[in-house]
Amino acid sequence: MINKLLIISIVLAFSMGTRSQDTPSLRDLAEERGILIGTAVEYDPLDSDATYASVLAQHYNMVIPANEMKMRALRPTPDEFTFGRADGIVAFAQENDMQVRGGPLAWHQAVAYWIRHRNLSRDEAMLALEEHIKAVVGHYKGQVFAWDVVNEAVHDSGMALRGTDISLYDSDSLWLTTIGPEYIALAFQWAHEADPDALLFYNDYNTEKSRTKANAVYNLVASLVEQGVPIHGVGFQMHINASEPPDYNFIRSEFARISDLGLQIHITELDVRISDMDTPRSESLQRQADVYREITNICLEFDSCTALITWGFTDRHSWLNTPADENAPLPFDMNYQPKPAFFALSDVLSAN
Ligand code: G3I
């Protein structure tokens, strides 16, 4: 599998000089603006679909493995680490001069089955999380430049940390219920010990639109900074519905106060679904492009916003996929053709 990825990479390395003339390369434009442009990638299409790999290498200078660095993927048993698929994505990125962003390291979802189905004591849970974080960050030391260390730790209500009630539904955090709220600071500390040069992020969703959630995330990261915890940035996921575009000045004010803490901002999982819209599809796609345009503009307004990442790049492979391609949330369509959202990105990145 990995060999196949390397062969695709070598072919791409030779074909980079023939980048498509009719569509500008997003990565070339982003590099001129001094920001990273990234996407989540899935191993299977990368391994089997040459078009997926070539569009990816042409337009992006950063990847996040969509699922392959999650605990459940890496840790089938207590004693086993299955790095093969994640290593394949990292090798592809290196061959194509792309950065790699990793994680999530401590998340309430995708917890290894052998952990979720045991009644761990506090000490056992701490040992398991420490060992996991140190082993994974250590394995990719010097190869993964930034990690989502803690992901989605704040409850949707914004009123508490996720998992404050004791039941272990999937929406609750086993890390909070076993270790307590200090798991967050500890996770950053352990990641920092394993790779002191890596940038460490707190990542969450709805922070572009929910006042209570945004306040809770701000208060959490401000308190980490104040305690001297090694945190370097905040990820705004931005899974957006085009029928309810965000208040862009709200986003500006959030970016401003996070920047004032001395933290970087990465837009980590941008996608814009259109299935709730009652407009003709061509108009919906324009409205979607408007959201991509505004978000990219805001990122460029802030020196602290150093990366813009979409959660996938082609509608062929999205977590929001429906058989009818109703959500169509990404800049390239099912056939890898650029959509209005792509041209919104390229227009903003190429503007003076
Ligand atoms: O690969 C198996 C396949 O072999 C099996 O047949 C199939 C049956 O369900 O499952 C496949 O794995 C699925 C995997 O996606 C790959 O498609 C998992 O069940 C499924 O849980 C997993 O969902 C991922 C989800 O996170 C949970 O980990 C999505 O792909 C991924 O896009 C989504 O990403 C999250 C971010 O990590 C955090 N922020 C929200 C974002 C969207 O939910």
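Scope of the values below: all heavy atoms of this structure, side chains included, with no hydrogens, waters or symmetry mates. Atoms within a ligand are numbered from 1 in the order they appear, just like the ligands themselves.
- With E269 as the fixed residue, the side chain to side chain contact (heavy atoms under 4.5 Å, CB included) test singles out one of I309, N203, T310: N203.
- D156 has a carboxylate O that lies under 4.0 Å from a charged side-chain N of R162, or vice versa, which qualifies the two as a salt bridge.
- The closest side-chain heavy-atom distance from V234 to F236 is below 4.5 Å.
- Taking 4.5 Å as the limit, some side-chain heavy atom of P338 sits within range of a side-chain heavy atom of F343.
- R257 forms a cation-pi arrangement with Y218, by the criterion of a distance under 6.0 Å to the ring centre and an angle within 45° of the ring axis.
- Around ligand 1, the residues contributing at least one heavy atom under 4.0 Å from the ligand are N67, K70, W107, Q109, N151, E152, Q237, H239, E269, W311, W319.
- Taking the centre and axis of the six-membered ring of Y292, the NZ or CZ atom of K339 falls outside the cone set by 45° and 6.0 Å.
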